[in-house]
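The structure appears right after this line, and notes come after that.
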Amino acid sequence: MTNDMAVAAARPVFAGWRIMRSDAGRFWATRERPFPRAVEDAGAHRTVDADDLVRLCQAIAEQEGIAEQARPSAWKAR
């Protein structure tokens with residue numbers, strides 16, 4: 001995995017996600033803290049990948065959206 005400017009620029013936008021770029025140029029992100037079990041059961045994935053940074057950011061946002069929908073309302077109030 002390499003570390004480049006595009007990856008560095010995306011890090012503050014998705015705090016809590018570790019973003020990497022493979023030597024082959026593919027982007028990967030893994031959530032630093034696992035989702036709660038109920039969120040994973042709802043379909044959220046802790047690790048995602050994409051061909052480019054825009055698609056990777058979309059994939060991260062998608063996972064966080066699934067997590068938000070799956071969390072009980074008591075968690076959302078925090």
Side-chain angles (χ1 to χ4, degrees):
M1 297 282 176
T2 61
N3 202 354
D4 61 27
M5 296 289 284
V7 169
R11 282 191 182 117
V13 176
F14 290 104
W17 285 81
R18 185 170 312 218
I19 299 173
M20 301 153 282
R21 188 173 186 177
S22 73
D23 293 339
R26 190 153 179 84
F27 289 88
W28 293 81
T30 189
R31 200 166 192 272
E32 292 174 354
R33 295 179 68 186
F35 286 116
R37 181 67 181 184
V39 172
E40 289 182 357
D41 289 346
H45 299 286
R46 183 178 180 187
T47 301
V48 293
D49 66 313
D51 291 330
D52 59 50
L53 191 55
V54 170
R55 287 190 178 99
L56 183 71
C57 291
Q58 290 169 339
I60 293 170
E62 198 174 290
Q63 300 314 304
E64 291 293 338
I66 292 168
E68 186 63 27
Q69 293 289 323
R71 286 191 178 108
S73 57
W75 294 2
K76 294 177 186 176
R78 291 185 198 178

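Numbering of residues begins at 1 and proceeds along the displayed sequence.
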Exercise for the section: Sort out for me which residue in R18, Q63, R46 forms a side chain to side chain contact (heavy atoms under 4.5 Å, CB included) with R31. Expected result: R46

Shortest non-hydrogen contact from [X] to [Y]?
X	Y	value
I66	A44	CG2-N, 3.6 Å
V39	A70	CA-CB, 4.0 Å
F27	D51	CD1-O, 3.9 Å
I19	L56	CG2-CD2, 3.7 Å

Exercise for the section: Verify whether one side chain among W17 and E64 offers a donor that lies under 3.5 Å from an acceptor in the other. Expected result: yes

Completion exercise
Output for pair (H45 NE2, E62 CD), nearest 0.5 Å, gives 9.0 Å

Practice task
Can you measure from CZ (R21) to CG (D52) and round to the nearest 0.5 angstrom?
Solution key: 9.5 Å

